Amino acid sequence: MFESLLERRDQADVERLSNEIKTALADHHHWMHKISLAIAARKPIDEPSFIAEDAHQYCNFGLWIDSILKDKDFQTHAFTRIDQLHKALHDQARMLLVSLEKTQQFDEQKYDDFLEIQRNFFNEVLSMLEFSVISKYQFDPTTKLLNRRSANMLLAHEKARIQQTNHSDCCIALGDIDKFKDFNDTYGHDLGDLVLEHVAFIFNTTIRKHDSVARFGGEEFLFVMPNLNLENAKKVIERVRKKLESTPFIHQGNALTITASFGVTQLSHDDDIKNSIKRADVALYTAKNSGRNKTISLDAAEAEAINHNSADSELNQVDA
């Protein structure tokens, strides 16, 4: 439900989201406590944040969710659903309090309706909070990028999306730092970690807004690029490669040039994720073997045709 929110979010974003949810939720608990006291004491409330037609806009939670929805990255069904439930909760509270003021009587049906909306509202918000808390552990501690587990979640999310919409594209790329072992052997693992941080920063700030990059293991990185064909995905990765090459890493006053090799392919509509990663790995291997600091793309259809012809050739040899 929330997997797409991991796209282009870093660890600080997720922690901030978690803290904002907790604060807004605590304020809403206080708001509902005052309503409960008013009902128990049969004492109406005349504050705008409780009885105004737009009471949800007086509420800190309402102000928070409104600010969240102004960010296009958060304009998802999950946040829209919470916003709708929040407005419905304030509407039901207003009707309950207006009825209490007019009749000085407890309306059991209105209160039951209020509790039902409240339950649905809190279930949705708590699901979001659980997601944000769990997501704190979806990041690599060295690079602050998504880790491999998060990358697999994103791949599954994108795979489902392109299967549901036949006209959607998604490409992936594997990138590997060239001669990374030399940095560790020459300068030590501490410098190796600093190099990883430097590379991660370049990658994460050079890709498009809705692309994602994760540390896939060791010095290897995985890029996920929604709504891009192979030609344009290669252009994006070429821009990343050139940016890394032209941005030296400064160590003890020395400018060290760091490069990486990349393999790009499609997240195929008809193929499984594992095979797509294998194709990217083949393209990466080709880039490494042809001199490093290169971007090689491998078209899914062409790879399938090569594999098919190879299988036919082996079969013919067996028949012969």
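We use all heavy atoms of the structure for the numbers below, so side chains are in, but hydrogens, waters and symmetry mates are not. Treat the numbers as computed from the prediction; the structure is a model and nothing was measured.
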All N/O donor-acceptor pairs, side-chain side in residues 29-38, below 3.5 Å, sequence neighbours left out:
unit_1: Trp31; atom_1: NE1; unit_2: Ser49; atom_2: O; d: 3.3
unit_1: Lys34; atom_1: NZ; unit_2: Glu47; atom_2: OE2; d: 3.2
unit_1: Ser36; atom_1: OG; unit_2: Met32; atom_2: O; d: 3.2

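- Contact check for Leu69 versus Ile65: side-chain heavy atoms found under the 4.5 Å cut-off.
- The two residues Ala151 and Ala214 come nearest to each other via the heavy atoms CB-CB, 3.7 Å.
- Taking both residues in full, the closest heavy atoms of Val264 and Ala173 are given as CG2-CB, 4.0 Å, listed atom of the first, atom of the second, then distance.
- Panel note: side chain Ser246, backbone Lys243; a donor-acceptor pair is recorded below 3.5 Å.
- Across all non-hydrogen atoms, the minimal contact from Ala300 to Gln266 is N-OE1, 2.7 Å.
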When you look at Leu155 and Ile277, which way does the side-chain contact (heavy atoms from CB on, under 4.5 Å) test go after all the steps?
-> CA-CA 10 Å; Leu155 289 170; Ile277 293 175; 3.9 Å; yes
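- Residues passing the side chain to side chain contact (heavy atoms under 4.5 Å, CB included) test with Ala200, sequence neighbours excluded: Thr143, Leu145, Phe221.
- Residues Ile207 and Leu244 are members of one and the same hydrophobic cluster, defined by side-chain heavy-atom contacts under 4.5 angstrom among Ile, Leu, Val, Met, Phe, Trp and Tyr.
- Counting heavy atoms from C-beta on, the side chains of Val125 and His28 never come closer than 4.5 Å.
- Judged by distance alone, the side chain of Asp211 and the main-chain N or O of Arg208 form a donor-acceptor pair under 3.5 Å.
- To the nearest 0.5 Å, atom CD of residue Glu53 and atom CD1 of residue Ile51 are 10.0 Å apart.
- Residues passing the salt bridge (charged side-chain N to carboxylate O under 4.0 Å, His left out) test with Lys294, sequence neighbours excluded: none.
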Criterion side-chain contact (heavy atoms from CB on, under 4.5 Å) on Cys170 and Val224, from CA distance to verdict | CA-CA 7 Å; Cys170 182; Val224 181; 4.0 Å; yes
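- Panel note: side chain Ser290, backbone Ala287; a donor-acceptor pair is recorded below 3.5 Å.
- The hydrophobic cluster containing Phe262 also contains Ile258, counting ILVMFWY residues as joined when their side-chain heavy atoms lie under 4.5 angstrom apart, directly or transitively.
- By the 6.0 Å contact criterion, OH on Tyr285 is open, its count of non-hydrogen atoms from other residues, nucleotides or ligands being 12 or less.
- Under the 4.5 Å side-chain heavy-atom criterion for ILVMFWY residues, a single connected hydrophobic cluster contains both Phe203 and Leu194.
- Between Phe249 and Phe201, the ring centre distance reaches or exceeds 6.0 Å.
- Side-chain contact annotation: Asp83 with Thr80, donor-acceptor N/O pair under 3.5 Å absent.
- Every residue two or more places apart in sequence or in another chain that forms a salt bridge (charged side-chain N to carboxylate O under 4.0 Å, His left out) with Arg161 is listed here: Glu158.
- A distance below 6.0 Å separates the ring centres of Phe61 and Phe121.
- Taking Lys234 as the reference, nothing meets the salt bridge (charged side-chain N to carboxylate O under 4.0 Å, His left out) condition, with sequence neighbours excluded.
- No chain of hydrophobic side-chain contacts below 4.5 Å, direct or via other Ile, Leu, Val, Met, Phe, Trp or Tyr residues, connects Leu267 to Ile296.
- Looking at every heavy atom in both residues, His210 comes nearest to Pro226 through O-CD, 3.5 Å.
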For Phe139 and Leu146, what are the C-alpha separation, side-chain angles and deciding distance, and is it a side-chain contact (heavy atoms from CB on, under 4.5 Å)?
-> CA-CA 4 Å; Phe139 294 89; Leu146 299 174; 3.5 Å; yes
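- For Asp91, the salt bridge (charged side-chain N to carboxylate O under 4.0 Å, His left out) partners are Arg94, not counting sequence neighbours.
- Here the side chain of Ser99 pairs no donor or acceptor atom with the backbone of Leu96 at under 3.5 angstrom.
- Counting heavy atoms from C-beta on, the side chains of Asn293 and Arg241 come closer than 4.5 Å.
- Taking the side chain as every heavy atom from C-beta outward, Leu256 and Phe183 approach each other to under 4.5 Å.
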When you look at Asp27 and Trp64, which way does the side-chain contact (heavy atoms from CB on, under 4.5 Å) test go after all the steps?
-> CA-CA 11 Å; Asp27 289 340; Trp64 173 76; over 6 Å; no
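- Rounding to the nearest 0.5 Å places CG of Asn120 at 11.5 Å from CD1 of Ile82.
- Here Asp54 pairs with Ala52, His56, Gln57, Tyr58 under the side chain to side chain contact (heavy atoms under 4.5 Å, CB included) rule; sequence neighbours left out.
- A distance of 9.0 Å separates CG in Asn147 from CG in Asn152, rounded to the nearest 0.5 Å.
- Every pair tested for side chain to side chain donor-acceptor pair (under 3.5 Å) that includes a residue from residues 193-202 fails, sequence neighbours excluded, so the list is empty.
- Here the straight-line distance linking atom SG of Cys171 with atom CG of Asn227 works out to 10.5 Å at 0.5 Å rounding.
- Side-chain heavy atoms closer than 4.5 Å link hydrophobic residues (I, L, V, M, F, W, Y) into clusters, and following such links, even through other members, never connects Ile45 to Met95.
- Taking the side-chain hydrogen bond (donor to acceptor under 3.5 Å, both in side chains) definition, one finds that Arg279 meets it with Thr265, Asp271, Ser276, sequence neighbours left out.
- Residues that satisfy the side chain to side chain contact (heavy atoms under 4.5 Å, CB included) test with Asp66, not counting sequence neighbours, are Lys70.
- Atom-to-atom distance recorded for Phe180:CZ and Glu220:CD is 12.5 Å, nearest 0.5 angstrom.
- Sorted by first and then second residue, the pairs that involve residues 175-185 and meet side chain to side chain donor-acceptor pair (under 3.5 Å), not counting sequence neighbours, are Asp176-Lys288, Asp178-Thr259, Asp178-Ser261, Asp178-Lys288, Lys181-Asp185.
- One finds the CZ atom of Phe223 at 8.5 Å from the OG1 atom of Thr206 (value rounded to the nearest 0.5 Å).
- Panel note: side chain Arg148, backbone Phe216; a donor-acceptor pair is recorded below 3.5 Å.
- Side chain to side chain, Asp113 and Gln109 meet the donor-acceptor criterion of an N or O pair below 3.5 Å.
- Under the rule for a side chain to side chain contact (heavy atoms under 4.5 Å, CB included), the partners of Asn232 that lie at least two apart in sequence or sit in another chain are Leu228, Asn229, Lys235.
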